[in-house]
There are 2 protein chains.
Amino acid sequence: MEANYTVSIVDKKKSRLKRGILKEMYRLGSRTLAQLAKALHASVPSVTMLIDELATEHWVQEIGTGAAQYGRKPALFGLRPGNQAIVVVDISVHDVKLVVFDLTNRVLNRLDVNLRLEDSVAFLESLKGPLEEISHRIQEHNLNIIGVGCALPGLVDPRTGINYTYKKLNRPEQSLQQLLAHYFDSPVYLINDTKATILGEHRFGLAKGKNHVLSINIDWGVGLGVINNGEILQGLAGFAGELGHIQLQADGELCSCGKVGCLDTLTSASSLVRRVKAGLREGRVSKLAEENFEDIDVELVIDKAKAGDELAIDLLNEVGGELGKGLSIAVHLFNPELIIVNGVVAKAERLITRPIEQAIDKYCLADFRNKLVITVSRLGEMAKLYGTQAYVVQSLLEHEEIP
Amino acid sequence: MEANYTVSIVDKKKSRLKRGILKEMYRLGSRTLAQLAKALHASVPSVTMLIDELATEHWVQEIGTGAAQYGRKPALFGLRPGNQAIVVVDISVHDVKLVVFDLTNRVLNRLDVNLRLEDSVAFLESLKGPLEEISHRIQEHNLNIIGVGCALPGLVDPRTGINYTYKKLNRPEQSLQQLLAHYFDSPVYLINDTKATILGEHRFGLAKGKNHVLSINIDWGVGLGVINNGEILQGLAGFAGELGHIQLQADGELCSCGKVGCLDTLTSASSLVRRVKAGLREGRVSKLAEENFEDIDVELVIDKAKAGDELAIDLLNEVGGELGKGLSIAVHLFNPELIIVNGVVAKAERLITRPIEQAIDKYCLADFRNKLVITVSRLGEMAKLYGTQAYVVQSLLEHEEIP
DNA sequence: TGATATTTTTAAAATAATTTATTAATAGAA
DNA sequence: TTCTATTAATAAATTATTTTAAAAATATCA
């Protein structure tokens with residue numbers, strides 16, 4: 001064994017317990033000393049001492065007193081708002097969002113940028129202005145950044161930060177990860193956008209407390225997020241959950257990935273619009289025929305469907321049916337208790353979930369669908385932001401030492 | 001907080017540490033005090049004391065001395081062979097095996113029974129004789145049974161022990177689980193056979209040390225086992241990994257599950273035999289034509305294929321191709337680093353793995369197959385037995401208190 | 001309104017664990 | 001062979017943590 005400990009066992013244990021307290025509070029909000037003691041397998045006096053230390057270090061504070069059916073009411077402790085902050089960078093093919101959160105999910109600052117993700121060095125260059133701006137604001141408000149998270153599409157390896165889909169973001173001279181580390185001088189964590197979304201749903205949305213959940217994101221493509229045993233399914237290199245490129249039609253359309261008949265080509269938001277336009281060209285009756293052909297987009301199609309337009313409803317049915325067929329494979333493989341639908345198409349609500357349900361009824365064995373619930377996200381676009389932040393907090397508390 | 005602890009915190013910690021030591025030894029074999037101290041985040045004197053206690057309780061013993069490049073050689077401690085025993089009951093559609101293991105994977109006793117699983121009360125009745133026999137042997141050899149594991153096909157909920165496929169095994173008056181508990185007077189754990197197999201591969205086979213692995217069992221049907229992050233993927237009710245009943249052909253054959261075009265109908269061992277017989281009826285040239293038509297089974301087909309028979313090779317190619325197509329979906333969803341092929345068809349070795357590889361190359365995105373290895377199991381039928389035992393040991397050390 | 005039962009919190013005592021120091025064992029060098 | 005450097009195991013000293021006990025707080029009941 002080593003001649004001398006660089007960090008003593010006692011110190012390590014203390015650090016683990018402290019991080020355990022912070023984890024509990026981040027996940028469950030305000031906690032009593034007794035609750036923490038039970039969760040951490042420690043005694044109340046020990047926890048009291050640790051809480052005192054965390055309080056003097058400005059991590060936690062007393063929030064108030066909790067309920068008790070009898071006897072003395074316990075003091076509640078929770079994370080101190082506004083003190084430690086996380087920068088969340090949400091990069092999508094539509095735009096970029098820069099959001100500063102504290103550990104209680106409060107938005108301390110936010111900057112939305114009209115910048116489309118492309119696989120180019122120019123994109124990274126365009127990002128510098130907004131990064132400059134938000135880091136300026138951070139200085140101005142004297143915020144203490146402890147970590148940075150970035151959600152983005154593509155095959156992202158969370159261990160290395162390499163994006164295998166958008167390869168230009170990995171240049172060794174200046175990668176996206178390095179860029180973010182430079183501006184915020186903090187640990188940077190990259191995560192695939194769909195995985196961030198389901199993590200958000202699991203920690204703060206409809207999936208809270210559920211251990212086996214799927215989340216499907218219908219946008220430009222189709223993204224699947226999986227919660228297994230309460231944790232994101234990543235696979236070896238973070239690629240797990242790639243449902244968009246499984247083949248559903250052997251003689252189908254050519255996909256951007258180079259293969260044929262991928263789910264993506266059949267059920268994405270863009271596929272829905274394409275179907276609508278094709279239907280109109282064929283002369284099908286629809287209120288959408290009154291619109292300027294070029295202006296027809298997903299939102300419009302969904303609006304008309306909600307207003308009762310037959311063509312729009314039919315095509316949502318079609319898309320939902322195909323999607324449900326693909327999802328039923330995922331149901332057989334993951335045996336979830338809940339499926340959450342998100343992305344632009346989620347706004348169609350029951351008009352999209354119902355055909356999905358029907359397809360799952362058709363293609364899944366009964367035991368798999370008996371207790372299965374399908375629902376539309378309530379967090380919407382916030383799920384991804386919360387999830388990215390949760391991922392950073394989780395990673396920090398897992399791997400890094402806190403001061 | 002509770003007025004008085006029924007079990008003190010100190011005792012709980014001690015129990016956790018002791019179980020931690022046993023876990024380490026079960027997984028990694030003999031260990032030094034320093035290794036254990038590091039793994040358990042405890043000091044060497046503490047571990048020394050715990051090891052002393054476990055030794056007097058007959059759980060562990062000194063095995064010998066380990067290597068050291070310099071200095072004093074460390075003492076090695078390991079699980080004491082022959083003392084604690086696990087009963088493994090392996091139920092398949094072919095036969096039933098009853099095996100008694102100690103914690104070092106030594107077979108202390110074994111009884112193979114020619115008994116076919118069917119969904120009937122009669123099956124449970126037929127099981128009583130062999131159970132009587134093996135429990136008699138256990139008494140005779142004075143073995144100390146600490147747990148029972150049972151691997152069997154079907155949708156098995158490990159939390160409740162209910163088998164949703166073979167429903168007659170769940171009768172509340174006398175379920176399979178109750179029967180086993182009665183004969184061995186120990187905790188009983190049921191697990192799906194394919195999940196047991198991959199657990200065996202992960203703990204003691206080619207998947208050891210790999211965190212993301214698929215195992216495919218080609219037998220009567222096709223079973224998929226998944227290791228994610230080093231643990232079996234179970235899903236909500238233990239049904240996860242059901243690859244056999246995803247639809248590959250919309251206009252395919254009717255499956256036993258009531259659906260159409262399931263993978264099971266295309267790629268199982270029985271499907272291979274059916275294809276061979278159909279080929280022979282069509283008059284295709286093959287050494288197999290010399291055989292008695294009724295005697296043609298999987299083993300024979302594989303033997304002939306290995307001897308170069310064209311028909312057999314072609315059809316193995318066909319089956320492997322279909323299987324690879326189905327597996328490529330699983331590869332996209334789980335992003336594994338290794339796929340292990342097991343079951344009767346695995347004996348065909350490269351004749352089955354090669355077409356699988358080809359299909360995966362065709363249907364998977366490059367990033368998913370770059371580091372992916374496909375191989376045939378080396379443990380063979382032992383994987384399932386080891387895995388079942390590992391599942392029992394793991395469950396006992398996780399949930400139960402040890403004396 | 002006061003007493004009682006219940007629960008939380010703090011303080012003191014008892015116990016348990018780590019740390020430091022010492023002794024034991026071993027490979028390689030002189 | 002003896003010495004030295006290195007690692008392991010044990011013993012003693014020190015520090016942490018739990019346990020027990022006592023005090024503080026509060027809802028219910030008489």
Side-chain angles (χ1 to χ4, degrees), chain A residues 1-21 24-25 28 30-56 60-78, chain B residues 1-21 24-25 28 30-56 60-78:
Chain A
M1 119 148 295
E2 289 90 339
N4 55 349
Y5 309 90
T6 46
V7 182
S8 72
I9 294 177
V10 170
D11 286 348
K12 278 190 194 167
K13 281 187 179 172
K14 204 169 182 176
S15 165
R16 211 187 341 274
L17 284 172
K18 277 185 176 180
R19 284 178 291 148
I21 290 174
E24 282 287 309
M25 289 180 169
L28 303 165
S30 55
R31 303 268 83 190
T32 69
L33 293 172
Q35 287 173 326
L36 291 170
K38 200 171 181 187
L40 301 171
H41 309 292
S43 68
V44 171
S46 295
V47 173
T48 309
M49 192 199 65
L50 293 168
I51 287 278
D52 283 349
E53 285 190 30
L54 284 169
T56 58
V60 308
Q61 64 181 196
E62 202 174 324
I63 300 286
T65 50
Q69 54 181 133
Y70 224 140
R72 180 171 172 176
K73 288 176 181 165
L76 288 175
F77 297 88
Chain B
M1 123 144 294
E2 290 91 336
N4 54 349
Y5 308 90
T6 47
V7 181
S8 72
I9 294 176
V10 170
D11 287 348
K12 277 189 195 168
K13 281 186 180 173
K14 204 168 181 177
S15 165
R16 211 186 340 275
L17 284 172
K18 277 185 176 180
R19 283 178 291 146
I21 290 174
E24 282 286 310
M25 289 181 171
L28 303 166
S30 55
R31 304 268 83 191
T32 69
L33 294 172
Q35 286 173 326
L36 291 169
K38 200 170 181 188
L40 300 170
H41 308 292
S43 66
V44 170
S46 296
V47 173
T48 309
M49 193 199 63
L50 293 168
I51 286 279
D52 283 350
E53 285 190 29
L54 284 169
T56 59
V60 307
Q61 63 180 198
E62 202 174 323
I63 300 286
T65 49
Q69 53 180 135
Y70 224 137
R72 179 172 173 175
K73 287 176 180 166
L76 288 175
F77 298 88

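- Comparing dA17(C), dT19(C), dT9(C) by their closest approach to the side chain of Ser8(A) singles out dT19(C).
- Within the model, atoms NZ of Lys14(A) and CG of Asp11(A) stand 7.0 Å from one another, a figure rounded to the nearest 0.5 Å.
- Contact annotation: Thr48(B) does not reach the phosphate of dA9(D) (side-chain N/O to OP1 or OP2, under 4.0 Å).
- With values rounded to the nearest 0.5 angstrom, Met25(B) atom CE is found 10.5 Å from Leu28(B) atom CG.
- Here Lys12(B) lies out of heavy-atom contact (under 4.0 Å) with every strand.
- The side chain of Arg72(B) lies closest to dT7(D) when the candidates are dT9(C), dT19(C), dT7(D).
- Neither OP1 nor OP2 of dT7(C) sits under 4.0 Å from any side-chain N or O of Lys73(A).
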Protein and nucleotides 11-15 of chain C: nitrogen or oxygen contacts under 3.5 angstrom:
none

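- Closest-nucleotide positions on DNA chain C for Leu76(A) and Met49(B) were compared, and the one nearer the 5' end corresponds to Leu76(A).
- Mapping Ala75(A) and His41(B) onto DNA chain C by nearest heavy atom places Ala75(A) closer to the 5' end of the strand.
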Given Watson-Crick and G-U pairs under 3.5 Å, DNA chain D in dot-bracket ([ ] crossing, | other strand) is ||||||||||||||||||||||||||||||

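- Where Tyr70(A) and Leu17(A) meet DNA chain D, the nucleotide closest to each residue was compared, and Leu17(A) sits on the side nearer the 5' end.
- Here Ser43(B) does not reach the OP1 or OP2 of dA17(C): none of its side-chain N or O atoms lies under 4.0 Å away.
- Between atom CG of residue Leu50(A) and atom CG of residue Leu40(A) there is a gap of 8.0 Å, rounded to the nearest 0.5 Å.
- Each of Leu33(B) and Asp11(B) was assigned the nucleotide of DNA chain D with the nearest heavy atom; the assignment lying further toward the 5' end belongs to Leu33(B).
- Checking the phosphate oxygens (OP1, OP2) of dA17(C), no side-chain nitrogen or oxygen of Lys14(B) falls inside 4.0 Å.
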